Amino acid sequence: MGLSDDAELQPLLCVLFLSMYLVTVLGNLLIILAVTSDPHLHTPMYFFLSNLSSVDIGFISTTVPKMIVDIQSHSRVISYSGCLTQMSIFILFACMDCMFLTVMAYDRFVAICHPLHYVVIMNPRLCCSLVLVSFCVSLLDSQVHNVIVLQLTCFKDVEISSFFCDPSQLLNLACSDTFTNNIVSYTIGALTGVLSVSGIIFSYCKILVSILRVPSSGGIYKAFATCGSHLAVVCLFYGTALGVYLSSAISRSPRKDAAASVVYTVVTPMLNPFIYSLRNKDIKRALWRFLAAQTQLRTWQPI
C-alpha cells in the first residue's frame with residue numbers, strides 16, 4: 001500500500017499527512033468540546049454536529065495513522081485480517097457520515113418548516129434513536145462488504161495501489177470471478193448513497209418551498225444562514241465521494257483513484273470544522289468562551 005514509490009517524497013508525505021491529521025482531530029475535538037461545554041448549544045442541531053465530528057475523527061483515524069507508521073517503518077505490508085478490519089471500519093464511518101448528513105438535513109427541515117413543533121418532534125429520544133439507527137445501518141453495510149470480500153479466492157500477496165484497503169480495489173484484485181460481487185457491492189453502495197441524497201434533497205426542497213413563502217428578506221437570510229454550513233459540507237462530501245465512486249468504476253488508473261481518495265478521506269474531514277466554525281456564529285462564540293475559560297483557569301492555577 002502507498003501513494004508513491006519515490007523515496008524522496010516519503011518524508012514530505014509523512015509531514016503533510018501528519019499535519020492534516022492533527023488539524024482534523026484538533027478541529028473536530030474543539031467543536032465537540034464547544035458543544036458539550038456550552039449549554040446554549042445543547043440542541044438537536046449541535047448534538048448531531050458533535051456526533052458528525054466524532055465520526056470524522058474516526059473516519060480519518062482509520063487510514064492516516066497506519067500510513068504514517070508505514071512511512072516511518074519503511075513497510076507497506078498489511079495482514080489479511082488487518083486489511084479486512086480497516087476496510088470494515090472505514091465503510092462504517094463513511095456510511096455514518098452519509099447518515100448523519102441526512103439526519104441533519106431532516107433536523108433543518110423540521111426547524112424551518114415546523115418551528116412551533118420543533119422541540120416536540122426533535123425530542124431527545126428521537127435524536128438518540130436516529131443516531132442508533134444510523135450506526136446500525138452503517139454496521140450492516142460494512143459487514144455486507146466484509147462478507148463479499150471474504151468470499152474472494154487467491155486474495156493474498158497482492159499490491160494495493162492506495163494508502164488504505166479500498167473495497168473497490170480489493171474486488172478488482174481477486175483472482176476469482178468478481179462480477180456478481182461487484183454488482184452487489186456497487187448496488188449496496190449506490191442504495192446507501194441514493195437514499196441519503198434523496199433524504200437530503202427532499203428536506204431541502206421542502207425548506208426551499210417554506211423559505212419562498214417568507215415575505216421578509218431577513219427571514220429568508222436567516223433560513224439560508226442556518227443551512228449554509230450543512231449544504232457546504234454535503235456538497236464537499238458527496239462531490240468527492242461521487243468522484244471516487246465513478247473513477248473506481250470507470251477509470252483504469254489506480255494512482256488517480258488513490259489521489260482522488262485522499263480528497264475524500266483526508267481533506268473533507270479536515271475542512272468540515274472550518275466550514276462549521278467560520279460560518280456559524282454560535283460555534284465561534286462557544287469556542288471563544290471555551291478557550292477563554294481554559295486560559296483563565298491556567299492564569300489562576302497556583303504555582
Side-chain angles (χ1 to χ4, degrees), residues 28 31-32 35-36 40-56 58-59 91-142 188-214 219-242 268-269 271-273 275-277 279-283:
N28 283 288
I31 286 182
I32 295 171
V35 172
T36 54
H40 298 93
L41 300 184
H42 292 175
T43 62
M45 174 182 172
Y46 295 108
F47 170 72
F48 294 129
L49 176 58
S50 61
N51 276 277
L52 180 66
S53 295
S54 302
V55 170
D56 281 338
F59 189 43
I91 295 174
L92 172 67
F93 284 120
C95 190
M96 285 185 72
D97 248 324
C98 295
M99 299 297 294
F100 278 136
L101 289 175
T102 307
V103 169
M104 291 172 76
Y106 174 72
D107 172 72
R108 293 299 83 206
F109 156 70
V110 176
I112 294 173
C113 299
H114 304 284
L116 299 179
H117 301 93
Y118 177 72
V119 177
V120 177
I121 296 174
M122 300 302 296
N123 57 75
R125 183 176 180 180
L126 178 63
C127 293
C128 293
S129 298
L130 289 173
V131 171
L132 182 60
V133 169
S134 299
F135 173 76
C136 292
V137 171
S138 303
L139 183 62
L140 178 63
D141 186 20
S142 70
I188 293 172
L191 282 174
T192 305
V194 167
L195 290 175
S196 299
V197 172
S198 298
I200 293 172
I201 292 175
F202 173 80
S203 297
Y204 275 104
C205 284
K206 291 289 187 180
I207 288 172
L208 183 61
V209 171
S210 179
I211 288 174
L212 293 176
R213 293 175 181 170
V214 177
I220 294 175
Y221 173 79
K222 185 177 180 181
F224 273 116
T226 59
C227 302
S229 300
H230 180 259
L231 271 175
V233 172
V234 167
C235 293
L236 181 65
F237 180 81
Y238 281 103
T240 54
L242 183 62
T268 301
L271 292 179
N272 285 354
I275 294 173
Y276 277 107
S277 60
R279 293 185 58 89
N280 193 303
K281 294 181 181 179
D282 293 332
I283 289 290

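Please read all numbers here as calculations on a predicted model, not as lab measurements.
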Would you please name every residue forming a side chain to side chain donor-acceptor pair (under 3.5 Å) with [X], sequence neighbours left out?
X: Tyr238; answer: none
X: Tyr118; answer: Asp107
X: His40; answer: Asp38
X: Asn272; answer: Asp56

Review point. Who passes ring pair (Phe, Tyr, Trp, His ring centres under 6.0 Å) against Phe237, sequence neighbours left out?
Key: Tyr264
Which residues share a side-chain contact (heavy atoms from CB on, under 4.5 Å) with [X], sequence neighbours left out:
X: Ser142; value: Ile91, Leu92, Leu139
X: Phe109; value: Tyr106, Cys113, His114, Ser203, Lys206, Ile207
X: Ile201; value: Val197, Cys205

Review point. Where do Pro115 and Ile112 come nearest, in terms of heavy atoms and distance?
Key: CD-O, 3.6 Å
Revision key, fill the gap. Correct closest heavy-atom pair for Val35 and Leu41 would be CG1-O, 3.9 Å
Point to revise | Step-by-step side-chain contact (heavy atoms from CB on, under 4.5 Å) determination, Tyr204 to Ile200 | key: CA-CA 6 Å; Tyr204 275 104; Ile200 293 172; 3.7 Å; yes
Review point. Under 6.0 Å between ring centres, would you say that holds for His230 and Phe100?
Key: no
Got a list of side-chain donor-acceptor pairs under 3.5 Å for residues 119-135, not counting sequence neighbours?
{"residue": "Asn123", "atom": "OD1", "partner": "Arg125", "partner atom": "N", "Å": "3.1"}
{"residue": "Asn123", "atom": "OD1", "partner": "Leu126", "partner atom": "N", "Å": "2.9"}
{"residue": "Asn123", "atom": "ND2", "partner": "Val120", "partner atom": "O", "Å": "3.0"}
{"residue": "Asn123", "atom": "ND2", "partner": "Ile121", "partner atom": "O", "Å": "3.3"}
{"residue": "Ser129", "atom": "OG", "partner": "Arg125", "partner atom": "O", "Å": "2.8"}
{"residue": "Ser134", "atom": "OG", "partner": "Leu130", "partner atom": "O", "Å": "2.7"}

Report all side-chain donor-acceptor pairs from residues 46-55 shorter than 3.5 Å, counting only partners two or more places apart or in another chain.
{"residue": "Tyr46", "atom": "OH", "partner": "Asn280", "partner atom": "OD1", "Å": "3.2"}
{"residue": "Tyr46", "atom": "OH", "partner": "Asn280", "partner atom": "ND2", "Å": "3.2"}
{"residue": "Tyr46", "atom": "OH", "partner": "Asp282", "partner atom": "OD2", "Å": "3.1"}
{"residue": "Ser50", "atom": "OG", "partner": "Tyr46", "partner atom": "O", "Å": "3.3"}
{"residue": "Ser50", "atom": "OG", "partner": "Phe47", "partner atom": "O", "Å": "2.7"}
{"residue": "Asn51", "atom": "ND2", "partner": "Phe47", "partner atom": "O", "Å": "2.7"}
{"residue": "Ser53", "atom": "OG", "partner": "Asn28", "partner atom": "OD1", "Å": "3.4"}
{"residue": "Ser53", "atom": "OG", "partner": "Leu49", "partner atom": "O", "Å": "3.2"}
{"residue": "Ser54", "atom": "OG", "partner": "Ser50", "partner atom": "O", "Å": "3.0"}

Point to revise | Met45 side chain reached by Met104 side chain, heavy atoms, under 4.5 Å | key: no
Exercise for review: Under the side-chain contact (heavy atoms from CB on, under 4.5 Å) rule, what do Ile275 and Leu236 come out as? Steps first, then yes or no, please.
Suggested key: CA-CA 10 Å; Ile275 294 173; Leu236 181 65; 4.1 Å; yes
Review point. Nearest 0.5 Å, what's the CG-CE distance between Asp141 and Met99?
Key: 10.0 Å
